[in-house]
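To keep things clear, I will list the structure first and then write my remarks on it.
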Amino acid sequence: MLDPKLLRTDPETLRAALRRRGDDGLLDHAIMLDSRRRALQSRVDDLRARRNAVSESIGAILKEAKGDDAAVARAEAAKAETRELKATLDGLEAELTASAGEFDAAMLQIPNLPHPSSPLGSREEDAEVVKVVGEPPAFDFETRDHLELAGAGIDMERGARTSGSRFGYLTGDIALLWMAVSRYAIDLLRAKGFTPVNPPVLVRREALVGTGFLPGDEDAIYAVPGDGLYLVGTSEVSLAALHLGEILAEEDLPLRYCGISACFRREAGAAGRDTRGIFRTHQFEKVEMFSFCHPERSWEEHDWLLSIEEEIAQGLGFHYRVVNIAAGDLGSSAAKKYDIEVWLPGQGRYRELTSCSNTTDYQARRLDCRMRPVEGSLRPVHTLNGTAVTSSRTVIGILETHQQADGTVAVPEALQPYGLPAVLGLS
RNA sequence: GGAGAGGUGGCCGAGUGGUUGAAGGCGGCGGUCUCGAAAACCGUUAUGGGGCGCAAGUUCCAUCGGGGGUUCGAAUCCCCCCCUCUCCGCCA
């Protein structure tokens, strides 16, 4: 959520920033609702002040003049006045509640302001290539894609039989490969001070509203209506909600967590896209970085999280590039987002491997997560998130990058300490 | 699933209808004392919103898990919901 005060103090800056996203539609509406809300608030407050004053006088009258008929009569007259005030107030308060509700609803739909360095545009191709690292691996044989390489290790047919399309079984060496990858990432993050967390994956609506996924992405999210819960698409949601409604001490920041969890995505708008293998599935596992950060240090933190993602990509021997996502292609909560796109020999192109966002104070406001500074008053923290590794795309990257002529896969050295042979003889 | 107890400020904890936004303690901040520190003592210390003000500030409103209700007036009484704890039952 944006700082509501900015609607009054600096609407033109807001408008300019939102236009870079191509999404300033709700701004004027919100500004109008805000002034309506405030006008009502004033009237209601004045009436309440009057009611409170009269009401207090009743107490004083009754206390001092027990049995005095004149005093009792004055008290009764005062009661009659407050009853009248109450009738007026009831109507106005209902209007105020409705008006405030409309305002909140509008504010919840306005996305975060993009950072000036987010490129213009609204499509994936509008992203700016920040850097390219390494060279595409060269093969002197016909390359295979991850599904061919994995053989029985990735079983989409049986996955579909059990759960439908876009579900798969990871078995044998592929299951172990994921465990090795995740443990590699967790150890690396732990050494950098992240606290490992195994979070809830079924969450209340508030957690999704707080992270900016709702309202808006209901099509993308699995709901369990009977219990009023939702399955998270990323542990970002549960990790962000970890400090929902809390006040953090300045000296405790940044608080860094790595979430280890399953992720669930309905992939509603993606029918027919990336249907082969485990590139785009309804369920996968992910190790996610999340940081509650001092508001003045979030841009360094963003760069640092990206550098960790790169360290992991390099540790796994990937050829990749880093792109800066266009303003109009950011999710609603990100001010700036870097993706790492890994070169997949099986597809012959760069594909999104990880994502790293600075949501500035946008989520923190919605989550009501604030910092108590050593000096000054409370202010929202900044939150950031980034992918470490996933059981889908990181695993695909390893299989396709390190494939060999005979269809086996050379395990990157970094993973070998985690219970894997040097070569996976899969298919 | 059944029965009971409870949710109060950064934290602990008092408070069953009328200056209670809320005693007391801890913690924090400022000060006295000290070469300095500790201790002791004194003072201070909630959040959100509206109005006025360039600002410091000032004033009003709201907030005692959340939402309704009773009342002139609710932390306090009633109803619903959420959560925590204890016991019983069931079960991975």
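Within every chain, numbering begins at 1; the chains are lettered A, B, ... in the order of the sequence lines, protein sequences first and strands thereafter.
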Q: For A:D252, enumerate each residue passing the salt bridge (Lys or Arg N to Asp or Glu O under 4.0 Å) test, keeping only those at least two apart in sequence or located in another chain.
A: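 Testing A:D252 for salt bridge (Lys or Arg N to Asp or Glu O under 4.0 Å), a comparison that skips the adjacent residues, returns none.
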(Q) So, using salt bridge (Lys or Arg N to Asp or Glu O under 4.0 Å) as the criterion, who are the partners of A:R351 when residues are at least two apart? (A)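 A:R351 satisfies salt bridge (Lys or Arg N to Asp or Glu O under 4.0 Å) with A:D274 once adjacent residues are dropped.
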Just N and O in the side chain of [X]: are any of them under 4.0 Å from OP1 or OP2 of [N]?
{"X": "A:R204", "N": "B:rC83", "value": "yes"}
{"X": "A:R83", "N": "B:rU71", "value": "no"}
{"X": "A:K5", "N": "B:rG49", "value": "yes"}

Q) At under 4.0 Å between heavy atoms, what does A:L378 touch on the DNA or RNA strands: base, sugar-phosphate, or nothing? A)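 A:L378: backbone/sugar contact only, no base atoms under 4.0 Å.
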Q) Contact class for A:R8 vs. all strands (heavy atom < 4.0 Å): base, sugar-phosphate, or nothing? A)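 Answer is sugar-phosphate: A:R8 comes under 4.0 Å of backbone atoms only.
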What integer number of Å spans the [atom1] atoms of [N] and [M]?
{"N": "B:rG65", "M": "B:rA75", "atom1": "C1'", "result": "12 Å"}
{"N": "B:rU45", "M": "B:rG10", "atom1": "P", "result": "15 Å"}
{"N": "B:rC41", "M": "B:rA46", "atom1": "C1'", "result": "26 Å"}
{"N": "B:rC60", "M": "B:rG66", "atom1": "P", "result": "24 Å"}
{"N": "B:rU44", "M": "B:rG53", "atom1": "P", "result": "31 Å"}
{"N": "B:rG9", "M": "B:rU71", "atom1": "P", "result": "30 Å"}
{"N": "B:rA39", "M": "B:rC52", "atom1": "C1'", "result": "47 Å"}
{"N": "B:rU63", "M": "B:rA74", "atom1": "P", "result": "9 Å"}

**Q.** Listed partners of A:C263 passing side chain to side chain contact (heavy atoms under 4.5 Å, CB included), at least two apart
**A.**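 Per chain and number, A:C263 pairs via side chain to side chain contact (heavy atoms under 4.5 Å, CB included) with A:S261, A:F284, A:K286.
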**Q.** Check: B:rC72 base within 3.5 Å donor-acceptor of A:T82 side chain
**A.**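 Answer is no: no donor-acceptor pair is held.
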Q. Which residues pass the side chain to side chain donor-acceptor pair (under 3.5 Å) test with A:R19, sequence neighbours left out?
A.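 Applying side chain to side chain donor-acceptor pair (under 3.5 Å) to A:R19 gives A:D24.
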Q. What residues form a side chain to side chain donor-acceptor pair (under 3.5 Å) with A:D46, not counting sequence neighbours?
A.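 If we apply the side chain to side chain donor-acceptor pair (under 3.5 Å) test to A:D46, skipping adjacent residues, there are no hits.
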Give me the distances for all protein-to-nucleotides 25-30 of chain B N/O pairs that come in under 3.5 Å?
none

In this structure, how many angstroms lie between the [atom2] atom of [N] and the [atom1] atom of [X], rounded?
{"X": "A:L85", "N": "B:rG73", "atom1": "CG", "atom2": "P", "value": "10 Å"}
{"X": "A:L47", "N": "B:rG51", "atom1": "CG", "atom2": "P", "value": "16 Å"}
{"X": "A:M107", "N": "B:rG49", "atom1": "CE", "atom2": "P", "value": "12 Å"}
{"X": "A:D227", "N": "B:rC82", "atom1": "CG", "atom2": "P", "value": "11 Å"}
{"X": "A:F103", "N": "B:rG49", "atom1": "CZ", "atom2": "P", "value": "10 Å"}
{"X": "A:E93", "N": "B:rG67", "atom1": "CD", "atom2": "P", "value": "13 Å"}
{"X": "A:E246", "N": "B:rA46", "atom1": "CD", "atom2": "P", "value": "21 Å"}

Donor-acceptor pairs are to be reported for all side-chain atoms of residues 219-232 of chain A against protein atoms at under 3.5 Å, with residues two or more places apart or in another chain.
from, atom 1, to, atom 2, distance (Å)
A:Y222, OH, A:H282, ND1, 3.2
A:Y230, OH, A:R205, NH1, 3.0

**Q.** Any pair counted as side-chain hydrogen bond (donor to acceptor under 3.5 Å, both in side chains), so long as it reaches residues 1-11 of chain A, sequence neighbours left out
**A.**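 side-chain hydrogen bond (donor to acceptor under 3.5 Å, both in side chains) check on residues 1-11 of chain A returns A:R8-A:D34, A:D10-A:T13.
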Distance-only check: which donor-acceptor pairs under 3.5 Å involve side-chain atoms of residues 185-193 of chain A, not counting sequence neighbours?
from, atom 1, to, atom 2, distance (Å)
A:D187, OD1, A:R183, NE, 2.9
A:D187, OD1, A:R183, NH2, 3.2
A:D187, OD2, A:Y418, OH, 2.8
A:K192, NZ, A:E311, OE1, 3.0

**Q.** A:D145 side-chain N/O to A:L147 backbone N/O, donor-acceptor pair under 3.5 Å
**A.**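 Here the side-chain-to-backbone pair exists.
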**Q.** Bracket notation of RNA chain B in which parentheses pair within the strand, [ ] cross earlier pairs, and | pairs with another strand (Watson-Crick or G-U, under 3.5 Å)
**A.** ((((((((.[[[..)..(.....]]]((((((.......))))))(((((((....))))))).[[[[[..)....]]]]])))))))....
Q | Any donor-acceptor N or O pair under 3.5 Å, side chains A:E301, A:S291 | A |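 Result is yes, a qualifying pair exists.
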Q: Tell me, please, whether A:F279 has A:R393 positioned over its six-membered ring: NZ or CZ under 6.0 Å from the ring centre and within 45 degrees of its axis?
A: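 Ring-cation test returns yes.
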Donor-acceptor contacts under 3.5 Å from residues 103-116 of chain A side chains, at least two apart:
from, atom 1, to, atom 2, distance (Å)
A:Q109, NE2, A:A105, O, 3.4
A:N112, ND2, A:S333, O, 3.0
A:N112, ND2, A:T359, O, 3.1
A:N112, ND2, A:T360, OG1, 3.0
A:H115, ND1, A:S117, N, 3.1
A:H115, ND1, A:S117, OG, 2.7

**Q.** Which nucleotide in B:rG50, B:rG48, B:rU71 has an atom nearest any side-chain atom of A:R37
**A.**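 It is B:rG50.
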N/O-N/O pairs, protein side and nucleotides 61-66 of chain B side, under 3.5 Å:
from, atom 1, to, atom 2, distance (Å)
B:rC61, OP1, A:N52, ND2, 3.4
B:rC61, O2', A:D45, OD1, 2.8
B:rC61, O2', A:R48, NH1, 3.0
B:rA62, OP1, A:R51, NH2, 3.2
B:rA62, OP2, A:N52, ND2, 3.4

Q) Heavy-atom count around A:E246 CD within 6.0 Å, excluding the residue itself: above 12? A)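 For A:E246, atom CD is crowded (more than 12 foreign heavy atoms under 6.0 Å).
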